[in-house]
Amino acid sequence: MLDIKLIRENPEVVQENLKKRGNQFILDTLQGTIQHDKEWREIAEKLNNSRAERNKIAREVAELRKEGEDATELIDQTDKLSTKIQQLEDREKQLRNAIDNNMKLLPNLLHKDVPPGKDESENVEIKTVGEPREFDFPVKNHVEIIENLGLADFESSAKTSGSGFYILKGDLALLNQALIQFAIEHMRIKGYVYVEPPLLLYKDILTAALDMEGFQQSIYNVDQDDLCLIGTSEYSLLAMHTDEVIQESELPKKYFAYSMCFRKEIGSHGINERGLWRTHQFNKVEQFVFCMPEDSDKYYDEMMVNSEEIYKALELPYRIFESCAGDLAIWKARGSDIEVWRPTTQSYGELCSLSNCTDYQARNLGIRTIKNDGTRVTLHTLNNTVLATSRTMVAILENYQNADGTVSIPDALRKHMRGKEKLGQ
RNA sequence: GCCGAGGUAGCUAAGCCCGGUUUAAGGCGCCGGCCUUGAGAGCCGGUGGUGUUCGCACCGCGGGAGUUCGAAUCCCCCCCUCGGCGCCA
């Protein structure tokens, strides 16, 4: 959430920023918050004064008792005061809840470089890298290729778990592992710390990482309302330092994780189409940085480079799009996607999602830092996909397919495949 | 799952039995100052959150209810950690 002090002290600055998201509901929520906060401060002051009075009486009672004197007269005075305090406390709690609920709905402030725009259609292309290959035979989509080579089974998994799941077999399952190893090796060399995190997190933790809409549409809830399956290891990595105060000298903390990811994908287009592009369960290597506020722009660029190098090494044509104001999730100050070329759809599809969440997620989880001068600030968090294996496999299968139905394995992966050069041979 | 011990500030650790001189002690670390050529040592001050009329006030001892004039301390419910036993990949 945002810093309430910022709203209180610079309401017009916050309003101007939030206006760029192009959502009237957000602006209304902001106004409501400002009103509630004003009233809350008035009530809180009255409450504090009454409590001060009560504390004073308590001290006087203690004083009298100590000297062996009678305090019943004083104690009798507290009846009305107690009632008053109770009423003020009820009202204060009410207002605070209202403010808290509003704060959860208010999105992060946008980074100054975020392009304007109302939705996905106005995202801005940053660059395109690599040339789509020319095919001199009819291209097959990845599902056809897989089924022809017997490298996956979608029917069996549908029987056991429903659509959106899959069974990888043989060389494709091994390619999955090769991609994971490849991505881990890449990030390890960069000096990021490898983490294998829990795949289940408390609901409270998860709702601090994303909004209610995102939660309801994507998160599997198990064990009734307590634990949830992670949709991405971003959540686990973020949560690692919950309620911690980190010394400035320990920052930045750079991590990467491999995990399985689980998503309901309610209402998502494509979840019922067969294949590996959109699934309920997938493997992903994710990078994550905790840093000082003034450094988050720098790591934003660094994390994009880290991921780009993966697709350059795999020789897959890709482009980078910067998300416009209207297309950013509420916890993001800024975001960009890497999209890969698919010859079958003749379009680019999302592979990586880079976000600078500034202090928004960190504030939700109480992750702070003590600066070298002794003062405290909420730190910044950033995350980016390194490699999600299923989508990358789709890209490889479709871009590297051969006329004879086999699929060449990118050079960069062969050492992780015992030198194997082609799938289907 | 059962039994036991615990959860106090950045870390550590008293206070809890027996409610009120404790403003949540002391130590470590960190920040500032004095001193010093410099560093260290030593000494002094500061070091959770909120509000503020910048005087101060309130809140804060895992979370939530309760008793009381007054709760870190007493009662109840819940969560978590550690150890032992049990079960198990």
Side-chain angles (χ1 to χ4, degrees), chain A residues 1-11 33-100 102-103 196-208 221-228 236 239-253 260 290 292 359 362-379:
Chain A
M1 62 177 117
L2 293 175
D3 185 354
I4 185 81
K5 278 189 192 167
L6 192 64
I7 294 174
R8 193 176 288 151
E9 288 162 17
N10 298 293
T33 308
I34 291 169
Q35 278 308 312
H36 284 137
D37 179 60
K38 189 162 168 275
E39 196 185 341
W40 176 83
R41 276 180 290 159
E42 288 165 10
I43 294 292
E45 195 190 345
K46 287 180 189 167
L47 176 59
N48 284 352
N49 290 340
S50 295
R51 280 172 169 168
E53 208 177 318
R54 183 182 65 187
N55 291 346
K56 185 162 163 270
I57 290 171
R59 279 194 296 270
E60 285 168 5
V61 170
E63 209 44 44
L64 286 175
R65 288 272 169 86
K66 208 173 103 185
E67 288 166 25
E69 291 177 38
D70 182 54
T72 47
E73 200 178 315
L74 261 180
I75 291 170
D76 287 345
Q77 288 179 22
T78 59
D79 256 12
K80 260 173 74 181
L81 189 58
S82 295
T83 312
K84 190 175 171 191
I85 288 174
Q86 188 61 53
Q87 285 168 349
L88 287 167
E89 278 178 345
D90 290 347
R91 183 64 185 145
E92 190 267 350
K93 196 178 285 182
Q94 232 173 40
L95 286 164
R96 206 178 46 213
N97 285 340
I99 293 167
D100 284 351
N102 275 2
M103 292 300 281
E196 293 203 5
L199 306 185
L200 287 96
L201 297 175
Y202 288 128
K203 187 177 179 181
D204 290 353
I205 298 278
L206 264 171
T207 51
N221 219 316
V222 303
D223 195 17
Q224 269 141 28
D225 289 329
D226 208 7
L227 284 170
C228 301
S236 305
M240 275 200 305
H241 293 301
T242 295
D243 284 329
E244 287 184 19
V245 180
I246 300 169
Q247 293 290 334
E248 178 174 358
S249 58
E250 290 176 44
L251 295 175
K253 286 185 177 287
M260 302 222 71
F290 297 87
M292 294 300 290
D359 59 5
R363 181 169 297 105
N364 288 344
L365 290 172
I367 311 171
R368 295 146 290 162
T369 181
I370 296 187
K371 297 211 288 185
N372 291 337
D373 65 8
T375 59
R376 287 155 194 257
V377 291
T378 304
L379 46 69

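Chain letters run A, B, ... following the sequence lines, proteins first, then strands; residues in each count from 1. All values reported here derive from a predicted model rather than from experimental measurement.
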Check nucleotides 15-18 of chain B against the protein and report each pair of N or O atoms closer than 3.5 Å, with its distance, or say if there are none.
none

Among [options], the nucleotide that comes nearest once only the side chain of [X] is considered:
| X | options | result |
| --- | --- | --- |
| A:Arg65 | B:rG48, B:rG20, B:rA57 | B:rG20 |
| A:Asn55 | B:rC69, B:rU50, B:rC59 | B:rC59 |
| A:Arg51 | B:rG10, B:rU50, B:rC58 | B:rC58 |
| A:Ala52 | B:rU53, B:rA57, B:rG48 | B:rA57 |
| A:Ala62 | B:rG20, B:rC69, B:rA65 | B:rG20 |

If the [atom1] atom of [N] is compared with that of [M], how far apart are they to the nearest Å?
| N | M | atom1 | value |
| --- | --- | --- | --- |
| B:rA65 | B:rG55 | C1' | 36 Å |
| B:rA13 | B:rC61 | C1' | 13 Å |
| B:rC18 | B:rG33 | C1' | 44 Å |
| B:rG19 | B:rA71 | P | 14 Å |
| B:rC11 | B:rG84 | C1' | 29 Å |
| B:rC16 | B:rU21 | P | 12 Å |
| B:rA41 | B:rC28 | P | 11 Å |
| B:rA9 | B:rA5 | C1' | 23 Å |

Please walk me through it: do A:Thr242 and A:Ile205 pass side-chain contact (heavy atoms from CB on, under 4.5 Å)?
CA-CA 8 Å; A:Thr242 295; A:Ile205 298 278; 3.9 Å; yes
Does any part of the side chain of A:Lys84, heavy atoms only, come nearer than 4.5 Å to the side chain of A:Glu89, both counted from C-beta?
no
Does the side chain of A:Ser236 come within less than 4.5 Å of A:Leu201's, by heavy atoms?
yes
What is the base-pairing partner of [N], counting Watson-Crick and G-U wobble geometry with both distances under 3.5 Å?
| N | value |
| --- | --- |
| B:rC69 | B:rG20 |
| B:rA25 | none |
| B:rG45 | B:rC31 |
| B:rC56 | B:rG51 |
| B:rG1 | B:rC85 |

For A:Asp359, which of A:Val377, A:Leu379, A:Thr378 qualifies under side-chain contact (heavy atoms from CB on, under 4.5 Å)?
A:Thr378
Is A:Glu92 reaching over with its side chain to a backbone N or O of A:Ala44, donor-acceptor style, under 3.5 angstrom?
no
When you measure from the side chain of A:Thr369 to the backbone of A:Ile246, do you find a donor-acceptor pair of N or O atoms at a distance under 3.5 Å?
yes
Specify the separation, in whole Å, of atom [atom1] of [X] and atom [atom2] of [N].
| X | N | atom1 | atom2 | result |
| --- | --- | --- | --- | --- |
| A:Leu47 | B:rU52 | CG | P | 15 Å |
| A:Leu200 | B:rC80 | CG | P | 14 Å |
| A:Asp3 | B:rG49 | CG | C1' | 12 Å |
| A:Glu244 | B:rC11 | CD | C1' | 12 Å |
| A:Leu81 | B:rC69 | CG | P | 12 Å |
| A:Glu250 | B:rG10 | CD | C1' | 10 Å |
| A:Trp40 | B:rC59 | CH2 | P | 13 Å |
| A:His36 | B:rU50 | NE2 | P | 21 Å |

[X] side-chain N/O to [N] phosphate OP1/OP2 under 4.0 Å:
| X | N | value |
| --- | --- | --- |
| A:Asn49 | B:rC56 | no |
| A:Arg41 | B:rU52 | yes |
| A:Arg54 | B:rC59 | yes |
| A:Lys56 | B:rC58 | no |
| A:Tyr202 | B:rC79 | no |

Mark yes when over 12 heavy atoms from residues, nucleotides or ligands other than A:Lys253 sit less than 6.0 Å from its NZ; otherwise mark no.
yes
Candidate pair A:Asp90 and A:Gln86, rule side chain to side chain donor-acceptor pair (under 3.5 Å), full reasoning
CA-CA 6 Å; A:Asp90 290 347; A:Gln86 188 61 53; 3.3 Å; yes
Show, in sequence, the C-alpha distance, side-chain angles and deciding distance for A:Leu64 and A:Glu60, and conclude whether the side-chain contact (heavy atoms from CB on, under 4.5 Å) test is met.
CA-CA 6 Å; A:Leu64 286 175; A:Glu60 285 168 5; 5.6 Å; no
Name the residue closer to the 5' end of RNA chain B, choosing between A:Gln86 and A:Val61 according to the nucleotide with the nearest heavy atom.
A:Gln86
For A:Asn48 and for A:Asp373, find the nucleotide of RNA chain B with the closest heavy atom, then tell me which residue's nucleotide is more 5'.
A:Asp373
With sugar-phosphate meaning primed atoms plus P, OP1 and OP2, does A:Lys93 contact a base, only sugar-phosphate, or nothing at under 4.0 Å between heavy atoms?
sugar-phosphate
Look at all strands and tell whether A:Lys371 reaches a base, only sugar-phosphate, or nothing, counting heavy atoms closer than 4.0 Å.
nothing
Kindly determine whether A:Ile7 and A:Leu2 satisfy side-chain contact (heavy atoms from CB on, under 4.5 Å), including the steps that lead there.
CA-CA 8 Å; A:Ile7 294 174; A:Leu2 293 175; 4.3 Å; yes
Glycosidic conformation of B:rG86, syn or anti, with 90° from 0 as the boundary?
anti
